[in-house]
Trainee: 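Once you've had a glance at the structure underneath, I'll fire off some questions.
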Amino acid sequence: MFTSEKGVVEEWLSEFKTLPETSLPNYATNLKDKSSLVSSLYKVIQEPQSELLEPVCHQLFEFYRSGEEQLLRFTLQFLPELIWCYLAVSASRNVHSSGCIEALLLGVYNLEIVDKQGHSKVLSFTIPSLSKPSVYHEPSSIGSMALTESALSQHGLSKVVYSGPHPQREMLTAQNRFEVLTFLLLCYNAALTYMPSVSLQSLCQICSRICVCGYPRQHVRKYKGISSRVPVSSGFMVQMLTGIYFAFYNGEWDLAQKALDDIIYRAQLELYPEPLLVANAIQASLPHGAMKSSKEGTRCIQVEITPTSSRISRNAVTSMSIRGHRWKRHEQPDNNNDTTELGILVIPEISVTNVAGERTGNGEKGRTLGEIDAQHIQGVQETTTDPRTESKGLPEIRRQKSVRKMMEDGINSPGRVQF
């Protein structure tokens with residue numbers, strides 16, 4: 001650690017001690033913009049033998065219990081690095097050098113499990129129903145499953161998962177270690193949208209290190225430091241995956257991809273079903289190319305919304321389509337009645353002034369009596385002709401006589417009349 005970085009940390013330690021309580025909100029707002037201070041604090045945490053580690057941990061705890069939201073988030077951004085340092089020291093069995101880090105983690109845990117009145121918190125989460133649409137799915141695209149879920153939701157069978165109440169801890173042991181660390185990662189994931197990029201990078205890096213240390217992949221990743229295996233629990237790996245999934249779409253694609261591969265590698269070795277299920281689901285949902293998301297501005301998880309399928313077919317017969325069809329026939333009676341079908345001749349009515357029949361509109365096909373409403377074809381007569389007669393070319397004289405005979409009988413012939 002350089003002298004300049006050490007001076008930045010010492011100045012930060014002395015500044016907060018002399019700070020009046022009224023100027024605490026302004027101090028908390030300006031603190032997140034001090035990038036040099038953040039990088040210096042990371043270096044202090046990464047050196048367990050540093051003389052500044054104990055006062056830094058003490059001041060981070062003071063930030064967390066001050067009640068100021070900005071100071072609380074400032075402490076949370078170092079949580080992944082603090083967890084890694086504690087696990088690395090525990091794996092090397094040098095517990096005495098991690099006393100201040102353990103005290104900080106226990107302090108944050110004991111503050112989070114109670115509310116402002118000192119009562120134990122009980123966290124609840126309602127599992128969403130597939131029958132209700134969300135940004136992740138549309139019920140219409142699921143099929144028969146949506147109907148089953150809908151029937152269940154109407155009976156109020158929605159499942160609620162509860163977490164807590166959690167007991168207070170005075171020290172971390174092998175039995176309660178990952179219960180405390182898993183809950184701390186849960187608190188960190190709840191504030192992911194406020195975490196800076198350097199914190200997301202730290203999260204991805206420590207996830208990879210925890211999963212591969214002591215295994216052959218450690219040589220592939222070229223991680224130096226401890227060579228002993230770090231024990232993990234299934235719930236702890238699921239919480240790691242939650243943060244990694246967020247990092248994918250917020251500017252840390254490469255590091256998140258590497259961390260995801262390492263978690264799948266470790267989950268397969270440990271035979272943990274829950275991390276394998278979540279990790280494979282994340283891997284299957286990722287786009288083929290790397291996301292070029294901005295590191296500034298609003299942070300969110302990007303998803304593609306399935307387009308809602310049309311519930312009514314365009315060719316479906318409705319009351320409006322039948323009504324519109326009848327109006328159209330009322331407006332154009334001549335064009336709709338003068339139709340010809342193969343082997344069937346439909347002859348319309350004639351008036352005294354209009355002797356010659358009109359030619360059928362281009363593209364229109366004849367309709368049989370079964371397709372035309374009886375209310376609209378009153379007075380229409382139907383005669384059949386031999387289709388073979390039409391196919392042969394008849395002499396013009398016989399055609400004129402046939403047409404004249406039909407006119408004398410009061411029946412108009414379709415087609416063009418020649419005199």
Side-chain angles (χ1 to χ4, degrees), residues 1-86 88-89 97-108 111-112 184-185 187-207 209 225 243 246-247 250-252 255 294-299:
M1 186 175 184
F2 298 104
T3 308
S4 59
E5 296 172 342
K6 185 177 179 180
V8 171
V9 175
E10 291 176 347
E11 182 183 355
W12 169 71
L13 291 172
S14 59
E15 182 183 5
F16 182 74
K17 294 178 180 179
T18 59
L19 190 70
E21 189 175 353
T22 55
S23 58
L24 193 61
N26 294 333
Y27 172 80
T29 304
N30 299 328
L31 193 62
K32 64 179 181 180
D33 299 329
K34 298 180 179 181
S35 57
S36 60
L37 172 63
V38 173
S39 60
S40 300
L41 290 176
Y42 269 107
K43 291 185 178 180
V44 171
I45 297 172
Q46 293 168 2
E47 297 180 5
Q49 305 299 331
S50 176
E51 59 182 8
L52 293 176
L53 181 58
E54 185 175 352
V56 164
C57 290
H58 177 74
Q59 182 143 318
L60 289 176
F61 179 69
E62 293 293 331
F63 279 6
Y64 203 89
R65 70 174 185 176
S66 64
E68 188 66 33
E69 196 70 24
Q70 297 289 344
L71 296 179
L72 184 145
R73 295 169 186 167
F74 183 82
T75 301
L76 275 181
Q77 69 177 324
F78 300 103
L79 195 59
E81 196 68 34
L82 290 168
I83 291 176
W84 161 248
C85 292
Y86 170 76
V89 171
S97 61
S98 63
C100 54
I101 296 179
E102 179 180 346
L104 174 59
L105 295 177
L106 279 173
V108 173
L111 286 176
E112 283 293 337
L184 290 177
L185 267 187
C187 299
Y188 176 83
N189 292 332
L192 272 175
T193 54
Y194 305 103
M195 296 298 105
S197 299
V198 63
S199 183
L200 296 179
Q201 295 172 9
S202 174
L203 173 68
C204 297
Q205 291 170 359
I206 68 107
C207 289
R209 291 175 183 173
F246 182 85
N250 289 275
E252 307 300 336
L255 290 176
S294 175
K295 295 185 180 182
E296 302 295 334
T298 305
R299 299 179 182 273

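Numbers here are sequence positions counted from 1.
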Trainee: With a 4.5 Å limit on heavy-atom distance, are the side chains of Ser199 and Tyr194 in contact?
Mentor: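 Side-chain contact under 4.5 Å: no.
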
Trainee: Looking at CG of Leu52 and OG of Ser40, how far apart are the two atoms once the value is rounded to the nearest 0.5 Å?
Mentor: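 It is 10.0 Å, given to the nearest 0.5 Å.
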
Trainee: Any heavy-atom pair between the side chains of Glu81 and Ile206 that's under 4.5 Å?
Mentor: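 A side-chain contact under 4.5 Å exists here.
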
Trainee: To the nearest 0.5 Å, what is the distance between CG (Leu106) and OH (Tyr86)?
Mentor: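 If I round to the nearest 0.5 Å, the distance is 7.5 Å.
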
Trainee: Is the backbone of Phe74 close enough, under 3.5 Å, to the side chain of Gln77 for a donor and an acceptor to pair up by distance?
Mentor: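 The answer is yes, because a donor-acceptor pair under 3.5 Å joins these two groups.
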
Trainee: When rounded to the nearest 0.5 angstrom, what is the spacing between CG in Leu31 and CG in Asn26?
Mentor: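 Those atoms lie 12.5 Å apart.
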
Trainee: Under the criterion side-chain contact (heavy atoms from CB on, under 4.5 Å), I'd like the reasoning laid out for Phe78 against Cys57: C-alpha separation, chi angles, the key distance, then a yes or no.
Mentor: CA-CA 10 Å; Phe78 300 103; Cys57 290; over 6 Å; no

Trainee: Is any side-chain heavy atom of Leu200 closer than 4.5 Å to a side-chain heavy atom of Leu192?
Mentor: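 Yes, at least one pair of side-chain atoms sits under 4.5 Å.
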
Trainee: To the closest 0.5 Å, what do you measure between OG1 (Thr75) and OH (Tyr64)?
Mentor: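 Atom-to-atom, Thr75:OG1 and Tyr64:OH are 8.0 Å apart.
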
Trainee: In the structure I gave you, are the side-chain heavy atoms of Glu252 and Gln205 within less than 4.5 Å of one another anywhere?
Mentor: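 They are not in side-chain contact.
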
Trainee: Determine the minimum heavy-atom distance between Ile101 and Cys85, stating which atoms define it.
Mentor: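 That would be CD1-CB, 3.8 Å.
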
Trainee: What distance separates Leu105 CG from Ile83 CD1, expressed to the nearest 0.5 Å?
Mentor: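 Going from CG on Leu105 over to CD1 on Ile83, the span is 6.5 Å.
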
Trainee: Name the atoms and distances for all side-chain donor-acceptor pairs under 3.5 Å in residues 13-20, with sequence neighbours left out.
Mentor:
from	atom 1	to	atom 2	distance (Å)
Ser14	OG	Glu10	O	3.2
Ser14	OG	Glu11	O	3.0
Thr18	OG1	Ser14	O	3.4
Thr18	OG1	Glu15	O	3.2

Trainee: Which pairs, with at least one residue in residues 58-77 and sequence neighbours excluded, count as a salt bridge (Lys or Arg N to Asp or Glu O under 4.0 Å)?
Mentor: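 The answer is Glu62-Arg65, Glu69-Arg73.
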
Trainee: Is Gln70 atom CD crowded by more than 12 heavy atoms from other residues, nucleotides or ligands, each under 6.0 Å away?
Mentor: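 Buried by this count: over 12 neighbours within 6.0 Å.
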
Trainee: CG of Leu41 to OG of Ser36: how many Å apart, nearest 0.5 Å?
Mentor: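 Nearest 0.5 Å value for the CG-OG distance: 9.5 Å.
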
